[in-house]
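Some notes on the structure that comes next.
What you are looking at is a predicted structure, and each value in this text was computed from that prediction instead of being measured. Residue numbers begin at 1 in each chain, while the letters A, B, ... track the order of the sequences.
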Amino acid sequence: GQNIDQPTEMTATEGAIVQINCTYQTSGFNGLFWYQQHAGEAPTFLSYNVLDGLEEKGRFSSFLSRSKGYSYLLLKELQMKDSASYLCAVRLNTGFQKLVFGTGTRLLVSP
Amino acid sequence: AAGVIQSPRHLIKEKRETATLKCYPIPRHDTVYWYQQGPGQDPQFLISFYEKMQSDKGSIPDRFSAQQFSDYHSELNMSSLELGDSALYFCASSSRTGGVSEAFFGQGTRLTVV
């Protein structure tokens, strides 16, 4: 089976830095995606890692270690609008590469 | 830029009724995915299509079926609806060509079964 774990909830203050971790055990791996989802809305793509290392995109960075089955999403200079759920998703290399989502982390940014 | 379009946005049905959800993928995307997201839960993969052929199947009940048509739009048909089917249903599309091929999600259809 597929197992992707994230913390359920995190809180942080405006302007701070927060790291959201994701560990995975999947039957096959062909990339890891991070999505942001506001309540009742569609997930929106944030970042993608397929090789080990850090990918930086503005205030967001994502890190991957394939040998450890581990990734994190780093959010800098937090803003109130960053309050959302953050979903870690693994793309499998079996079949037609479906995305399997983690449990999601609800981030609450306070003033 | 064109996005994934889903219709309807909201749907209310009674138990044992039938519902049809529609998805129009981004032009030139060759893969469509359907996901179900219950309240407070992560999206659960239901089924996917690649080039109009079913490519993968997840936790989709036998009461549900889906297909992709020649114009690449997809429909999720849900019969004998149960209260537990109330959820957000997302359609996503991606292209297998190109580097990242992330999935782009539609706005979802909120199905309420009463």
For the side chain of B:Tyr35 and the backbone of A:Phe101, is there at least one donor-acceptor N/O pair under 3.5 Å apart?
no

Determine whether more than 12 heavy atoms belonging to other residues, nucleotides or ligands lie under 6.0 Å from atom CD of A:Gln25.
no

Give the minimum heavy-atom separation between A:Ala42 and B:Gly106, together with the two atoms involved.
CB-O, 2.7 Å

Measure B:Gln37 against the heavy atoms of chain A and call it side chain, backbone, both or neither at under 4.5 Å.
side chain

Verify the neighbour count for atom CE of B:Met53: are there more than 12 heavy atoms of other residues, nucleotides or ligands below 6.0 Å?
no

Are the ring centres of A:Tyr35 and B:Phe105 closer than 6.0 Å?
yes

Least distance between heavy atoms, A:Gly102 atom then B:Asp42 atom
O-CB, 2.8 Å

Do you know the tightest heavy-atom contact between B:Phe90 and A:Glu41?
CZ-O, 3.3 Å

Please determine whether the number of non-hydrogen atoms from other residues, nucleotides or ligands lying under 6.0 Å from atom CG of A:Leu108 exceeds 12.
yes

Given the rule that I, L, V, M, F, W and Y join up when any side-chain heavy atoms are under 4.5 Å apart, are A:Phe29 and A:Tyr72 in one cluster?
no

Measure the CZ-OG distance between A:Phe45 and B:Ser94 for me, rounded to the nearest 0.5 Å.
12.0 Å

Greater than 12 external heavy atoms within 6.0 Å of B:Asp62's CG:
no

Heavy-atom pair of closest approach, residues A:Gly40 and B:Leu88
CA-CD1, 4.0 Å

Heavy-atom distances under 4.5 Å only: say whether A:Gln6 touches chain B with side chain, backbone, both or neither.
neither

Same cluster for A:Val18 and A:Met80 if Ile/Leu/Val/Met/Phe/Trp/Tyr side chains link at under 4.5 Å?
yes

From A:Leu99 atom CG to B:Glu102 atom CD, the distance as rounded to the nearest 0.5 Å:
10.0 Å

ILVMFWY network linking A:Leu32 to A:Leu46, side-chain heavy atoms under 4.5 angstrom
yes

